[in-house]
2 protein chains.
Amino acid sequence: MADNNVLELNLGLGNNNNNNSNFFGGHAHAVQSPRQRCPAPFLIKTYDLLEEGESEESKQIVSWNAEGTSFVVWSPAEFSELTLPRYFKHNNFSSFIRQLNTYGFKKISSKRWEFKHEKFQRGCRSMLGEITRKKCEASVFPAYLKSSSEENATTSSTEENNQQLLMEENKNLKKERLELQMQIDECKALEMKLLACLSQFMDTHQSKVRRLC
Amino acid sequence: MADNNVLELNLGLGNNNNNNSNFFGGHAHAVQSPRQRCPAPFLIKTYDLLEEGESEESKQIVSWNAEGTSFVVWSPAEFSELTLPRYFKHNNFSSFIRQLNTYGFKKISSKRWEFKHEKFQRGCRSMLGEITRKKCEASVFPAYLKSSSEENATTSSTEENNQQLLMEENKNLKKERLELQMQIDECKALEMKLLACLSQFMDTHQSKVRRLC
DNA sequence: GGGAATATTCCC
DNA sequence: GGGAATATTCCC
């Protein structure tokens, strides 16, 4: 067990940095409070990759837009071949896009590979912590309760409403769990009785037959 | 959308093969019938890596045991540095171990890094399809509920944090409900069998006694 | 775009 | 060893 760690190599061979947690002294998955978290590795890497691209040549591959409110991948081919593997464990443009979608970025041009997220802007590294991964759950919230845009300021009434519904459902689920558990206990008790009955019956039968013979 | 594919590069740059699905013409996550599936990429790579190691030098790094019923990583350091990155997207021995555990391999020696799985044996590539990933069964309460005081959340995010915890707990409760329901179904089925058994036994007994009297 | 599977990481 | 988060892949 402890041996694993001894044997682990940190060669830092190349195309990625495995030491994200070192930088932020935190655990990527500690507690998921939506604000003020250390940003996800993906966001930091993407931000770094844009910051690094201050030379003219790299700007032809990927860069912020003029205002620094979105970014453009000018050359997806070079970006995939040269940039991605230096930051990630792959060179697939579509995997990069998948991550952008996961974190709520929007493609804002049909002509260019231009992506935007309210909290992802040049010079605002500290805002990255406010970008959260989309949850895959969603079944908890009825669709009609969801606000139309995720970027909206949270209307407190909706939120309270949601919370109340959640607590209600939660309470019911716990009650149901208790009932199910009791059902199981009953089932098991009955099972025992049946088995006892069967075994007793077999004994009786045996001796009765023996007596009769 | 379709453009993504056009723009994707398959450079085969180096440390990994992204084209598993090509070999098997199947989808890694198609239908999960327990038998006769195309094996998980991890299993194929690990098997390949052992098959490749027929030269004497690579046998000093990793090899099957004498009977071909388990395998040994003789040199974890070289294995991590040289072998792993040629098959996987990392060079961490512990990540490799994590995968072995996920697929149900057992460490069978305290002195060596020797691992065994009933369905993972030399010359039996076709058995790999019978090895399945372990399912992750979640406990109802998220781990982070156990530690009482977490990082100091701001008053505004406390509520959101709360909500997230609620959603998490909710999700887990639903999962547990399903499991309990299944337990009950099993219980009931067993009950039926026992009752049938009992009644049949009584019939037999009755007629036997009647005949004897 | 996003659902869902597998892979990798990090922690206990 | 395994839980759980993030990353990567593959498919619709």
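Below, chain A is the first sequence line, B the second, and so on; all start at residue 1.
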request  = Ignoring backbone atoms, establish whether B:Y103 has a side-chain N or O less than 4.0 Å from OP1 or OP2 of C:dT6.
outcome  = no

ask   = Under 4.0 Å between a side-chain N/O of A:K89 and OP1 or OP2 of C:dT9, yes or no?
value = yes

query = How close or far is atom C1' of D:dT9 from atom CG of A:L84, stated in whole angstroms?
reply = 14 Å

note = B:F93 CZ to C:dC10 C1', in whole Å, measures 18 Å

Residue A:Q99, side-chain heavy atoms: nucleotide from C:dA7, D:dA7, D:dT9 that is nearest = D:dA7

task = Would you mind telling me which of C:dT9, D:dA7, C:dT6 lies closest to the side-chain atoms of B:H90?
result = C:dT9

key: A:L128 CG - D:dT6 C1' separation (whole Å)   = 16 Å

request  = List for me each residue that meets side-chain hydrogen bond (donor to acceptor under 3.5 Å, both in side chains) alongside B:S109, sequence neighbours excluded, and say none if there are none.
outcome  = none

ask   = Is B:F105 touching bases, backbone alone, or none of the nucleic acid, heavy atoms closer than 4.0 Å?
value = nothing

remark   = Here the gap from B:S94 atom OG to B:L100 atom CG, rounded to the nearest 0.5 Å, amounts to 11.5 Å

inquiry  = Nearest to the side chain of B:F88, heavy atoms from C-beta on, is which of C:dT8, C:dA7, D:dT8?
reply    = C:dT8

request  = Rounded off to whole Å, could you give me the CD1-to-P distance for the A:I97 and D:dT8 pair?
outcome  = 14 Å

message = Output the rounded distance in Å from CD1 (B:I131) to P (C:dT6).
response = 14 Å

message = By nearest atom, which of the nucleotides D:dT9, D:dA7, C:dT8 is closest to the A:S95 side chain?
response = D:dT9

query = What's the NZ-C1' distance between A:K106 and C:dG2, to the nearest Å?
reply = 10 Å

ask   = To the side chain of B:P41, which of D:dG1, C:dT8, C:dT6 is closest?
value = C:dT6

Rounded interatomic separation in angstrom, taking NZ from B:K107 and P from D:dG2 = 14 Å

query = Out of B:F105, B:F93, B:F79, which residue meets the ring-ring contact (aromatic ring centres under 6.0 Å, His included) rule with B:W113?
reply = B:F93

request  = Ignoring the backbone of A:K134, work out which of C:dG2, D:dT9, D:dG1 is nearest its side chain.
outcome  = C:dG2

task = Give me the one residue out of B:F115, B:Y103, B:F71 that meets ring-ring contact (aromatic ring centres under 6.0 Å, His included) with B:F120.
result = B:F71

ask   = Is a donor-acceptor contact shorter than 3.5 angstrom present between the side chain of A:R98 and the base of C:dG1?
value = no

task = Ignoring backbone atoms, establish whether A:N92 has a side-chain N or O less than 4.0 Å from OP1 or OP2 of D:dT9.
result = yes

inquiry  = It should be established whether B:R133 places a side-chain nitrogen or oxygen under 4.0 Å from OP1 or OP2 of nucleotide C:dT6.
reply    = yes

ask   = When the distance from CD1 of A:I44 to P of D:dT6 is rounded to whole Å, what number comes out?
value = 12 Å

query = So what does A:F96 hit on the nucleic acid, given a heavy-atom distance under 4.0 Å: a base, only sugar-phosphate, or nothing?
reply = nothing

request  = With the side chain of A:N101 defined as its heavy atoms from C-beta on, choose the nearest nucleotide among C:dT9, D:dA7, C:dG2.
outcome  = C:dG2

task = Evaluate the ring planes of B:F96 and B:F42, with Trp represented by its six-membered ring, and classify them as parallel (under 30°), tilted (30 to 60°) or perpendicular (over 60°).
result = tilted

request  = Tell me, please, which residues at least two apart from A:E52 pass side-chain hydrogen bond (donor to acceptor under 3.5 Å, both in side chains).
outcome  = A:R86, A:Y87

